[in-house]
Amino acid sequence: MTDGFTRERAWALLQEWTASPSLVKHGLAVEACTRAYGVMEAARLGLAGAEASECIELYAIAGLLHDFDYDRHPSLEEHPFVGVRFLREQGWPEPVLHAILAHADYSGTPRESHLDRALFASDELAGFLTACALVKPSKSIHEVEVAGVKKKMKDKAFARAVKREDISDGAALLGLSVEEHIANCLKAMQDRAEELGLAG
Ligand SMILES: [Fe+2]
Ligand SMILES: [Fe+2]
């Protein structure tokens, strides 16, 4: 399904289009989360071997590329439409394009697949978990805990740009409690702390 459209190519594309280091890290953080949900979904579907890898890679690619056009085309008129048009011309898999469109509330594309829901659910939470790590004196995500994240969600002054309801709606879309969703994404990001610049 992903023939030629690999995680490696998505990573190259993200870097080519994105000058902002924090936006590149955001792509990686969301990838960590969506990949974790891809692993769970592949297991739920009973996939193994190449089929499982392909499923997981779709999730990873969607996470990496969901904001790849944002640096160049941040307006509501262009993001993520310009990026998706480009990806479609290149022939990237349709489930990835659908998920990227559906991550934007204003796109009019409904969240249908598990991948659509996982991407939406991971986007705001990855940003929030990054903010939670960066306020630690160590700036380490290893010091972030689920209970602390929940507390920060209630603190309206903290990371004000992150919509709390997107996090709780995202968890609900995945059939998870907010705590479970936070725990999944936190673990996924902790596993890649070094790469995300959040190892302390
Ligand atoms: Fe976006
Ligand atoms: Fe994003």
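Every number for a ligand or one of its atoms is a count from 1 in the order of the listing.
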Please go through Val82's hydrophobic cluster and name the other residues, only I, L, V, M, F, W, Y counting, with side-chain heavy atoms under 4.5 Å joining them.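 None, because no other hydrophobic side chain comes under 4.5 Å of this residue.
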Output yes when Glu78 and Arg72 qualify as a salt bridge under the 4.0 Å nitrogen-oxygen rule, no when they do not.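 No, no charged N to carboxylate O under 4.0 Å.
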Are the aromatic ring centres of His103 and His79 under 6.0 angstrom apart?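 Ring centroids of His103 and His79 are less than 6.0 Å from each other.
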Check the side chains of Ser20 and Ser22 for a donor-acceptor pair under 3.5 angstrom, ignoring hydrogens and angles.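 A pair is found: one side chain offers a donor N or O, the other an acceptor, under 3.5 Å apart.
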Check side chain to side chain donor-acceptor pair (under 3.5 Å) between Ser107 and all other residues, then give those that pass, not counting sequence neighbours.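 Side chain to side chain donor-acceptor pair (under 3.5 Å) list for Ser107, sorted by chain: empty.
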So, at under 2.8 Å, which protein N, O or S atoms would a careful student list around the Fe ion (ligand 2)?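 Near the Fe ion (ligand 2), the protein supplies His26 NE2, His66 NE2, Asp67 OD2, Asp123 OD1.
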Please list every donor-acceptor pair under 3.5 Å in which a side-chain atom of residues 168-182 meets a protein atom from a residue at least two apart or in another chain.
residue: Ser168; atom: OG; partner: Arg164; partner atom: O; Å: 3.2
residue: Ser168; atom: OG; partner: Glu165; partner atom: O; Å: 3.4
residue: Ser177; atom: OG; partner: Glu180; partner atom: N; Å: 3.0
residue: Ser177; atom: OG; partner: Glu180; partner atom: OE1; Å: 3.3
residue: Glu179; atom: OE2; partner: Lys150; partner atom: NZ; Å: 2.7
residue: Glu180; atom: OE1; partner: Ser177; partner atom: N; Å: 2.8
residue: His181; atom: ND1; partner: Tyr37; partner atom: OH; Å: 2.6
residue: His181; atom: NE2; partner: Ala121; partner atom: O; Å: 2.9

